Structures are given as C-alpha cells and as structure tokens.
Asks: 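One structure follows; several queries about it will come next.
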Amino acid sequence: MHMNYDFDRVIDRSESLAIKYVRRKAVFGREDILPMWVADMDFATPDFVLEALRQRLDHPILGYTFRPRSFYQAYQRWAARRYGFDVEFDWLTFSPGVVSALALSVLAYTQPEERVIIQPPVYPPFFETVKGLGRQLVVNPLIRDGHGRYKMDLDDLKQKIDRHTKLIFLANPHNPVGRAWSAEELNGLARLALDNDLIIVSDDIHADFVYSGYKYTPIASLSPEIARITVTATSPSKTFNIPGLSTSVVIIPDTELRERYNEKLNAAHLWLGNIFGNIAFEQVYQKGDAWLDSLLQYLEQNIDHTVQFIRENISSIKVWRPEATFLLWLDFSGTGLSHDDVKDKLINEARLGFNDGRAFGQQGENFFRMNIAAPRSVVTEALDRLKRIFG
Ligand SMILES: Cc1ncc(COP(=O)(O)O)c(C=O)c1O
C-alpha cells in the first residue's frame, strides 16, 4: 500500500477490451504472454475520477455537451503549479488525442510533400502521421553515448534542413529513450528552429512522469520568441491512466498559428470531445496532485528495482535509468543474438510482450521497450522470466 492508493493491486484487464490484451494474438502470435507493451498503466484510474463519472451517469441524457471555461483553467493551474509554466487562457485549444493534434498540425502548417523532422528512435505514430498525410520525413537520429544516454544531434539536423522543411516533432519527455530534455538542449533546438522558420510541434504527453533529479521544461516556456513558433500538445491521459477518454489540450500562444490549427480541427469536426473526457480532464487537473505524487514514488521504485535486477542478474541486457516516462529501453545487443532471435525468445520462451524496437525506427535494432507501470508483483514476474531466458 502506498498512502491511500493501492498500486500493488493486480486488476484483471483481459475482459475489458484493453488493446494490450485483445491485440496479443495479432501482434505476438499468441495469447499467453504477459503484456508489457502499449503505454498505458495497469493501475486503477483514481477513485475521485470514477466517482465523478458515475455521478454524471445519474443524468439520463448523454447529448452534445461542451467544455466549460473551467476545463481549460484546470490545465492552466496545473501547468503553473506543477511546471511553473504560465499559460494564458486564450492560448488553449482542444484535440481528442495528442497524436491527432500532431496530425492536425501537419495539415495546418505544411503542404503536401513538405518536410517534417523527427528524432528517432521515437514513438511510431511520428513516422506514420507524417507519411500517412503525404509529407516527407527528415530523420535526425538521436546519438547514444557509452552509458546509454541519448542526446540530440543538432549538427546533423542543421545540414538536413532545406527550404521545404517546415516542422519539427519534438517528444518532451522522449518516448522511448526516457530523456527529460534540459533547458539548454531545448534552447539549442529552438534556436535552430527560429533561424530556419520552423514550427516546433511538441508532444508533452509524458510531462508528468519525471523522476528525482530531473525536470520537465516546456519548450514554449523558454521565451516569448520560442513560444510564438511552438504548438504543444499534451493530455492527462497517460498521467491518470485515462487514454480511453480521448481528451487532450493544445497550447498555441501565437494567434495566427492557433487560428490555422483551429480551422483544421473544425473542418474535421473534432472540436466536440466527449462528456466523460471533459469531466475526467477537469477532475484530475484539479484534484490529482496527491495521487500523482504517490504514483511517481511507486514507479520510481519499479524502475530502481528493474534496473538493479537486470544489472545484477542479466549482464547480456543493458538498461539505462530513464529520467522520465514509465518505459525502459532495453538493449539486447550484448546477447550476441539477432534481433529476430531475441524477439522469438521473448515471445515464445519468456512469454513476454514488449514493444519491438524496430517500430521506433532503424535505431531500435536490438532494442525492446518494457512498460513498468504495473504492480510490483507483475514486474517481478516479468524480470524472473527475462532472467530465465537471458540470464
Ligand atoms: C510520445 C507519445 N505521444 C502520444 C501518445 C498517445 O497519445 P494519444 O493517445 O493522446 O494520441 C503516446 C502514447 O504512448 C506517446 O508515448
């Protein structure tokens, strides 16, 4: 037990249509794997959220509803309180999901065939959104030092920018490499964007999962000049385990950029949102501090436990302690096995469902991503299986 919240409780999700479960056969070829892939958590959504949703169900009509002013104010106060980020009310707009905000930004700010920068290894929809909308990818891989720490390669990026390059997709904090970018790193990137008339589209969905010694810096908070070229998309969906409610917020300080974004949002008729998402969003940002603080302690212990266990017991797997996110980016190159052989052993011998690193770009060769946002007993079971096969 941690404070009043029971993160140790194992909850059966197999009958809940959770993607992590229903897609097991399609993705891994078998049902009997321990699913530690999709980035949602195996913890209950906070009670006060469930209670607010139950109360809404006491009203029998689920018609069209809209977000009150207090919806956006809840985010403003959260951003000020948790990140020291002062956001004006007028800067805020909506998206169902963070990925849909990335897609709407591509539509709003680029023409077909224009170019969008990504920094792999990175969350697969970054590739899919750009390519799916008929734009070109500019691939600016992160560089990994000898200790497993990734940094940006701005020299490489400088060379790759041309007059058709319009946007950069930033992941801050970064999935899967677990970096909470420093103000200095973000300033370097922003300087390049300012010099080359690029718009920064920052996906900050992991903003709340930052561990001791590190800090989340919203890139738009660095200066008014940077804020003017930045679109930030975020959501409480990861933080409070409510991604099924599809409710996100988009911060666009510049009036013209905001209008162009809203045109696409309205054209696709995506402004409406949904009743339950609207309620939950406001609830969590108003009341979620204590729950989140407790969750972060639990996750940090899961990370410490996992990193220590792997270092002590499985020398063929290299692991780096993430600064942020609940995702571990495991390097299997020391096993001496091919990527396909590791994958086969993970699935068919260890019966573990991790994300295949290749989905994050070719930089993910020999890597698999493990989601540790689960009760400690589940994480321990996964580690035992890993040791049995790779230890
Ligand atoms: C970096 C990143 N962005 C976006 C998402 C998903 O956002 P949404 O479901 O709001 O589209 C995820 C989920 O894993 C993520 O890791």
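Because the structure is a prediction, the values reported are computed rather than measured. Read the numbers this way: they start at 1 and go in the same order the structure lists the ligands and their atoms.
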Asks: What atoms in ligand 1 come closer than 4.0 Å to a heavy atom of His206?
Replies: 1 (C), 15 (C), 16 (O)
Asks: With distance as the sole criterion, is a donor-acceptor pair present between the side chains of Asp47 and Tyr5 under 3.5 Å?
Replies: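 Absent: no donor and acceptor within the cut-off.
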Asks: Does the plane of the ring in Phe7 sit parallel, tilted or perpendicular to the ring in Tyr298? Use 30° and 60° as the thresholds.
Replies: tilted
Asks: Pairs under 3.5 angstrom only: tabulate donor-acceptor contacts from the side chains of residues 278-289 to other protein residues two or more places apart or in another chain.
Replies:
| residue | atom | partner | partner atom | Å |
| --- | --- | --- | --- | --- |
| Asn278 | ND2 | Asn274 | O | 3.4 |
| Glu282 | OE1 | Ser70 | OG | 3.2 |
| Glu282 | OE2 | Ser70 | OG | 2.8 |
| Glu282 | OE2 | Gln286 | NE2 | 3.4 |
| Gln283 | OE1 | Lys287 | NZ | 2.7 |
| Asp289 | OD1 | Arg81 | NE | 3.3 |
| Asp289 | OD1 | Arg81 | NH2 | 2.7 |
| Asp289 | OD2 | Arg81 | NE | 3.2 |
| Asp289 | OD2 | Arg82 | NH1 | 3.0 |

Asks: Any chance the rings of Phe85 and Trp91 have centres within less than 6.0 Å?
Replies: no
Asks: If hydrophobic residues (ILVMFWY) are linked whenever their side-chain heavy atoms come closer than 4.5 Å, directly or via other members, who joins Val38 in its cluster?
Replies: Ile19, Val27, Phe28, Ile33, Trp37, Ile347
Asks: Would you mind listing which atoms of ligand 1 come within a distance below 4.0 Å of any non-hydrogen atom of Ala39?
Replies: 14 (O)
Asks: Is there a nitrogen or oxygen of Val99 sitting under 3.5 Å from a nitrogen or oxygen of ligand 1?
Replies: yes
Asks: Which atoms of ligand 1 are found less than 4.0 Å from any heavy atom of Gly97?
Replies: 10 (O), 11 (O)
Asks: Looking only at N/O atoms, are Ser100 and ligand 1 under 3.5 Å apart anywhere?
Replies: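 No: no nitrogen or oxygen of Ser100 is under 3.5 Å from one in ligand 1.
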Asks: How far is atom 6 (C) of ligand 1 from its nearest protein heavy atom, and which residue and atom is that?
Replies: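 Among all protein heavy atoms, the one nearest atom 6 (C) of ligand 1 is Tyr123 OH, 3.2 Å.
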Asks: Check the pair Ser14 / Asp12 against side chain to side chain donor-acceptor pair (under 3.5 Å), numbers first and verdict last.
Replies: CA-CA 6 Å; Ser14 57; Asp12 182 1; 2.6 Å; yes
Asks: Can you check side chain to side chain donor-acceptor pair (under 3.5 Å) on Asn266 and Asn262, steps first, answer last?
Replies: CA-CA 6 Å; Asn266 295 340; Asn262 283 337; 5.8 Å; no
Asks: Flag atom 11 (O) of ligand 1 as yes if some protein heavy-atom distance to it falls below 4.0 Å, otherwise no.
Replies: yes
Asks: Does ligand 1 have an atom that lies less than 4.0 angstrom from a heavy atom of Lys238?
Replies: yes
Asks: Does a side chain donor of either Tyr109 or Arg260 reach within less than 3.5 Å of an acceptor in the other side chain?
Replies: no
Asks: I need the contact type for Val98 against ligand 1. Using non-hydrogen atoms and a strict under-4.0 Å cut-off, is it side chain, backbone, both or neither?
Replies: both
Asks: Give the single entry among Thr325, Leu245, Asp203 that approaches atom 2 (C) of ligand 1 most closely by any heavy atom.
Replies: Asp203
Asks: Quick test: of every protein heavy atom, which one is nearest to atom 7 (O) of ligand 1, and how far off is it to 0.1 Å?
Replies: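 Of every protein heavy atom, Ile205 CD1, 3.3 Å lies nearest to atom 7 (O) of ligand 1.
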